[in-house]
Amino acid sequence: MPRLYCNFKQRTIILNGNIVTITETFTPTTPQGEENTAQAAAAATWVSAYATSPFAGTDAQYSTNLGTITKNVNAGSAVNGLAVSVIGTLIGLAIATVPGLNITGTIVSTLFSTVAGMIKSKAEINAPGIAFFSFRQTQYQNITHSSVVAKYYKYYVSYYAGKDLTYFVTNHTFYEGYCLV
């Protein structure tokens, strides 16, 4: 049974005694219509919820591109030898390090379990023994429905069973409702 240890304060992930490393490249875009929430954020708490369908408006309204991030995840051991739940957790942890995201364990199992199984299957065929998987994620905002107290985001993610976006697996879209409480 795999042993997974996560220290979120130190941003350390250890799987079966090996340190998991995540490298990234971020390409930001200049958002249009983004409102300044720094003062409001200082006085209250932001809470996020995640789903596979939009929280506000239609998918087409999530059109303001906020940037793209590419990550390589070195699992420390062969991806095809890991349990699907472990791969799903690693996806969630890697995606959770994207600025602004607050994904937790229960959300990971819901959002990423199918994708994790697909990565494992592709790794078994195309990349046995390879310790890496990777993804490219683009974040969009629905500025029509977003306000000073609520933000609505879409994440479009392409997953790969190898390092540097090799061995394409699938595309996956999920949504975030980010509200001031």
Side-chain angles (χ1 to χ4, degrees), residues 4 6-8 10-15 18-32 34 48 50-52 54 59-60 62-82 84-105 107-143 151-176 178:
L4 184 64
C6 305
N7 183 325
F8 290 101
Q10 295 179 349
R11 292 192 157 328
T12 304
I13 307 165
I14 299 174
L15 176 63
N18 298 310
I19 294 177
V20 174
T21 56
I22 302 168
T23 57
E24 64 184 65
T25 304
F26 179 62
T27 309
T29 59
T30 304
Q32 297 175 352
E34 180 72 10
S48 292
Y50 299 89
T52 55
D59 180 75
Y62 289 77
S63 58
T64 302
N65 186 328
L66 300 180
T68 298
I69 192 163
T70 300
K71 290 195 177 193
N72 284 307
V73 179
N74 180 345
S77 59
V79 172
N80 64 301
L82 299 175
V84 170
S85 61
V86 171
I87 297 169
T89 300
L90 293 176
I91 293 168
L93 291 169
I95 286 179
T97 63
V98 173
L101 277 174
N102 300 304
I103 295 178
T104 61
I107 296 165
V108 166
S109 63
T110 305
L111 284 178
F112 306 119
S113 61
T114 301
V115 170
M118 294 171 77
I119 289 173
K120 179 178 174 74
S121 295
K122 187 76 164 199
E124 288 171 346
I125 296 166
N126 296 104
I130 302 296
F132 284 90
F133 65 89
S134 54
F135 63 89
R136 176 184 295 131
Q137 175 179 302
T138 303
Q139 181 184 19
Y140 299 91
Q141 184 177 6
N142 178 336
I143 60 171
K151 305 286 183 193
Y152 299 100
Y153 301 107
K154 173 173 86 171
Y155 300 92
Y156 181 79
V157 189
S158 297
Y159 296 94
Y160 300 82
K163 187 177 181 181
D164 297 327
L165 308 178
T166 56
Y167 306 118
F168 173 75
V169 175
T170 191
N171 294 316
H172 179 226
T173 301
F174 65 97
Y175 299 84
E176 177 184 25
Y178 190 60

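Numbering starts at 1 and runs along the sequence shown. Keep in mind the model is a prediction, meaning the values are calculated, not measured. What you see below is based on every heavy atom in this structure, not just the backbone, and it leaves out hydrogens, waters and symmetry mates.
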Exercise. How many angstroms lie between atom CD of Glu176 and atom CG of Asn142, to the nearest 0.5 angstrom?
Worked result: 13.0 Å

Exercise. Can you tell me if Tyr155 and Gln137 form a side-chain donor-acceptor pair at under 3.5 Å?
Worked result: no

For this session: Kindly write out the residues that satisfy side chain to side chain donor-acceptor pair (under 3.5 Å) with Lys154, not counting sequence neighbours, or none if the list is empty.
Result: Asp59

Exercise. If you measure from OH on Tyr50 to OH on Tyr153, what distance do you get to the nearest 0.5 Å?
Worked result: 10.0 Å

Exercise. Partners of Tyr159 by side chain to side chain donor-acceptor pair (under 3.5 Å), sequence neighbours excluded?
Worked result: His172

For this session: Scan for salt bridge (Lys or Arg N to Asp or Glu O under 4.0 Å) pairs involving residues 125-142, sequence neighbours excluded, and state none if there are none.
Result: none

Seminar exercise, completed: Heavy-atom closest pair (Thr170 atom, Met118 atom, distance to 0.1 Å) is CB-CE, 3.5 Å

For this session: Report the residues that fulfil side chain to side chain donor-acceptor pair (under 3.5 Å) with Tyr167, sequence neighbours left out, ordered by chain and then residue number.
Result: none

Problem set entry | Test side chain to side chain contact (heavy atoms under 4.5 Å, CB included) applied to Tyr156 - qualifying residues, sequence neighbours left out | Tyr140, Ser158, Asn171, Thr173

Exercise. Distance from Ile87 atom CD1 to Phe112 atom CZ, nearest 0.5 Å?
Worked result: 13.5 Å

For this session: For Asn72 and Asp164, indicate whether the former's side chain and the latter's backbone hold a donor-acceptor pair under 3.5 Å.
Result: yes

Seminar exercise, completed: For Lys122, the salt bridge (charged side-chain N to carboxylate O under 4.0 Å, His left out) test, sequence neighbours excluded, returns none

For this session: Please check if the side chain of Thr166 supplies one atom and the backbone of Lys163 the other of a donor-acceptor pair under 3.5 Å.
Result: yes

Exercise. If we only count heavy atoms from C-beta on, is the Ser77 to Leu82 side-chain gap below 4.5 Å?
Worked result: yes

Problem set entry | 4.5 Å side-chain heavy-atom contact, Val79 and Ile119 | yes

Exercise answer: donor-acceptor pairs, residues 123-134 side-chain atoms, under 3.5 Å, sequence neighbours excluded:
residue: Ser134; atom: OG; partner: Gly162; partner atom: O; Å: 2.6
residue: Ser134; atom: OG; partner: Leu165; partner atom: N; Å: 3.0

Problem set entry | Counterpart residues, ring-ring contact (aromatic ring centres under 6.0 Å, His included), relative to Tyr152 (two or more places apart) | none

